[in-house]
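Single-structure report; data block below.
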Amino acid sequence: MIQRPRGTRDFGPAEMSRRRKVEEAMREICHRFGFGEVVTPTFEQSELFTLRSGQSIIDEMYVFKDKGDREMALRPEITASVIRFFVSEMSNQPKPLKLYYVGNCFRYENPQSGRYREFFQLGAELIGSENPETDAEVISLAVHCIRASGLQDFHVRVGHIGVMKSLVLREVQDPVVAGKVLRMVDKEDFDAMGDMFDANSLSRNLFDRITTLADTRGGTEILDSVDDAEAQQYLKELFEILKLQGVEDVELDLGIVRGLDYYTGMVFEIDAPKLGAEKQILGGGSYTLSELFGGEAVFSTGFAIGIDRVMLALEAEQEQPEYTPLDAYVVPTEDAMRKYAFAITSKIRSKGLRADVDLMRRSMSKNLKYAASAGARFAVIVGKEEMAKRSVTLRDMKSGEQTLVPADFVADELEKLLSKG
RNA sequence: GGGAGCGUGGCGCAGCUGGUUAGCGCACCAGGUUGUGGUCCUGGGGGUCGCGGGUUCGAGUCCCGUCGCUCCUCCCA
């Protein structure tokens, strides 16, 4: 038996139906916000990703040499591809550019709950603008996407890495040491940071200010305690606009610090508290990546949603909706009626309804049983008596109620009954 | 990279200290039922007990190894 590769999943029809609904709802929100879809390759030259995230990620990617001896990687994320696409082919488009994507990504990691080697992301990038309203627009889009999925319990945190960066760069003279400090803050490794402070004879006072800042979170009222005047003003405007867009309940969290250099200011995360260990369902922020890929410096703000985790969070908080893949299942009462059954089925399908018909030459009794277990909302009984009157019987599989309808109007009648629920 | 738990028909499981033809529930297929499912009855198909080795007269059961799954830690683009 061939096994499924580690960390990958098969999705059956019922699960795909739920996933597609969530994905569709999010896409719809993206379109409403004026974002257009892009699709980029599933694999890229691996350099694209090491440029963005550093050499160390090579161990966590699926890398391979193609037949022309080029080093390729299955994409571990999609932002890098979108920015590559922008730099090489869309940089002369009118700004701002609003792009979104949905796709599978691959990371060679140890699988666990909410973490897979193949996973799915929906993300958006707003390219060419840098100001509070731009960031607010992107956060608002992100929050609306999550809301559209149906998830109730989620938590939005917004931070600004400029506050921490300016504090560290201002107080630590050696830029190499400053970089180390920032990375340690990112990893919340304050023990190691303390040791390094001692080794470089940096003041205990600065250490305390950094840890305090990393711990600063709360409502907009804590904005007043931000001692970086520029960031303070920026965040004030950002939160104001968010509120006007109906996005409240956003926590300010100055502890969100990304170690990577291209993050410029605002950073944000959303988690679903019900998920436990892997509870982050979305991450984003503003950055400048384009010059890394050989373009001019262009500011962008973007985010990516972990669709798999959103699905897990939805499962954790709500009953799964019943899967009814068929509006009608057509049942001939006897062999002589089978050909009519196909004609009726075709008639129903052509009206856009989901219909199926017996292909196993089963008895009527078994067919009704099958119709129920296959999740058909109605059975359409095609029998001799009805056909004599050019009619068929519709049977509501929930109530058992039956109605005789003219064969020519099956689909219309079904539509009417379906709309009643 | 470190740790924990688990591998027996499609799914969920039982199988006591080793003992003869490996079971149960659900699901699937058929018949009872040549015009009525979500009741019932009967029958049927489907398992090299994850894999390899060892101990033994005999291994699903004990020992060693190995692979896989799940979760935690770690890491996070």
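These numbers come from a predicted model, not from an experiment. Here is the naming used below: chain letters follow the sequence lines, and residue numbers restart at 1 for every chain.
- Where A:M397 and A:P76 meet RNA chain B, the nucleotide closest to each residue was compared, and A:M397 sits on the side nearer the 5' end.
- When Watson-Crick and G-U wobble pairs are counted only if both distances are under 3.5 Å, B:U34 pairs with no nucleotide at all.
- Atoms CD (A:E109) and P (B:U70) sit 15 Å apart, rounded to a whole Å.
- Computed from coordinates, the A:E188 CD to B:U73 P distance equals 14 Å when rounded to whole Å.
- As judged by a 4.0 angstrom heavy-atom cut-off over every strand, A:A371 is placed among residues making no nucleic acid contact.
- Checked against B:G35, B:A77, B:C74, the side chain of A:T333 finds its nearest nucleotide in B:G35.
- Distances shown here put every side-chain N or O of A:Q112 at or beyond 4.0 Å from the OP1 or OP2 atom of B:C71.
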Let me check something: any side-chain donor-acceptor pairs from residues 354-366 of chain A under 3.5 Å, sequence neighbours excluded? List them with distances.
unit_1, atom_1, unit_2, atom_2, d
A:R354, NE, A:D327, OD2, 3.3
A:R354, NH1, A:T324, O, 3.1
A:R354, NH2, A:T324, O, 3.2
A:R354, NH2, A:D327, OD1, 2.9
A:D358, OD1, A:M360, N, 2.9
A:D358, OD1, A:R361, N, 3.4
A:D358, OD2, A:R338, NH1, 2.7
A:D358, OD2, A:R361, N, 3.1
A:D358, OD2, A:R362, N, 2.9
A:D358, OD2, A:N367, ND2, 3.3
A:S363, OG, A:K366, N, 3.3

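- Identified under the ring pair (Phe, Tyr, Trp, His ring centres under 6.0 Å) test for residues 348-376 of chain A, with sequence neighbours left out: A:Y329-A:Y370.
- Side-chain N/O atoms of A:T134 and A:N131 include a donor and acceptor closer than 3.5 Å.
- Between the C1' atom of B:G37 and the CD atom of A:E401 lies a distance of 16 Å, rounded to the nearest Å.
- Under the ring pair (Phe, Tyr, Trp, His ring centres under 6.0 Å) criterion, A:F86 pairs with no residue, sequence neighbours left out.
- Taking only side-chain atoms of A:R115, from C-beta outward, the nucleotide of B:G35, B:C72, B:C76 with the closest atom is B:C76.
- Nucleotides B:G31 and B:G12 place their P atoms 30 Å apart, quoted to the nearest Å.
- Distance noted for atom P between B:U8 and B:C62: 15 Å (whole Å).
- Among the protein residues, A:G400 comes within range of the nucleic acid bases, having at least one heavy atom under 4.0 Å from a base atom.
- Shown here, B:C74 forms no base pair; nothing in the strands shown gives a Watson-Crick or G-U wobble contact with both key distances under 3.5 Å.
- Among the heavy atoms of the strands, none lies under 4.0 Å from A:Q280.
- Within 3.5 Å, a donor on the side chain of A:E386 pairs with an acceptor on the base of B:G35, or the reverse.
- Look at A:R6 and you'll find a side-chain N or O under 4.0 angstrom from OP1 or OP2 of B:C69.
- Among the nucleotides B:C72, B:C74, B:G37, the one closest to any side-chain atom of A:R395 is B:G37.
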Q | Under 4.0 Å protein heavy-atom contacts per nucleotide of nucleotides 25-33 of chain B, with B for base, S for backbone only and - for none | A | ----SBB-B

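- When heavy atoms are screened at a 4.0 angstrom cut-off, A:N367 is found touching no nucleic acid atom at all.
- Atom CD in A:Q402 sits about 10 Å away from atom P in B:G37, given to the nearest Å.
- For the C1' atom pair drawn from B:G53 and B:G46, the interatomic distance equals 29 Å after rounding to whole Å.
- Within the 4.0 angstrom heavy-atom criterion, no nucleotide atom of any strand lies near A:E269.
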Q. Could you go step by step and tell me if A:R27 and A:E23 meet the salt bridge (charged side-chain N to carboxylate O under 4.0 Å, His left out) rule?
A. CA-CA 6 Å; A:R27 282 178 186 277; A:E23 183 188 314; 2.9 Å; yes

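- Going from the C1' atom of B:C71 to that of B:G32 covers 49 Å, rounded to whole Å.
- Side chains of A:E125 and A:Y287: a donor-acceptor N/O pair is present below 3.5 angstrom, by distance only.
- When the P atom is used for both B:C11 and B:C51, the distance is 15 Å, rounded to whole Å.
- Residue A:E60 has its side chain nearest to B:C75 when only B:G1, B:C75, B:G37 are considered.
- Using N1 to N3 plus N6-O4 or O6-N4 for Watson-Crick, or N1-O2 and O6-N3 for G-U wobble, each under 3.5 Å, B:C26 pairs with B:G10.
- Using C1' as the reference atom, B:C13 and B:U55 are 30 Å apart when rounded to the nearest Å.
- At a threshold of 4.0 angstrom between heavy atoms, the contacts of A:Q121 with the nucleic acid are absent.
- Checking A:E278 against A:Q112 by side-chain atom types alone, a donor-acceptor pair falls below 3.5 Å.
- For B:G19 and B:G60, the C1' atoms lie 13 Å apart once the distance is rounded to whole Å.
- Taking atom NZ on A:K279 and atom P on B:C71, their separation rounds to 18 Å, with Å as the unit.
- Residues A:R75 and A:N104 bring a donor and an acceptor atom of their side chains to less than 3.5 Å of each other.
- In terms of position on RNA chain B, the residue among A:R4 and A:L275 whose nearest nucleotide sits closer to the 5' end is A:R4.
- Remark: A:S113 pairs with no residue by the side-chain contact (heavy atoms from CB on, under 4.5 Å) rule, at least two apart or across chains.
- Separating the OH atom of A:Y263 from the P atom of B:A77 is a distance of 6 Å, rounded to the nearest angstrom.
- Between A:L292 atom CG and B:A77 atom C1' the separation is 13 Å, expressed in whole Å.
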Name each donor-acceptor pair under 3.5 Å that joins a side chain in residues 385-394 of chain A to protein atoms two or more places apart or in another chain, with its distance.
unit_1, atom_1, unit_2, atom_2, d
A:E386, OE2, A:T393, OG1, 2.6
A:S391, OG, A:K389, O, 3.0

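- A gap of 22 Å separates the P atoms of B:G9 and B:G5, to the nearest Å.
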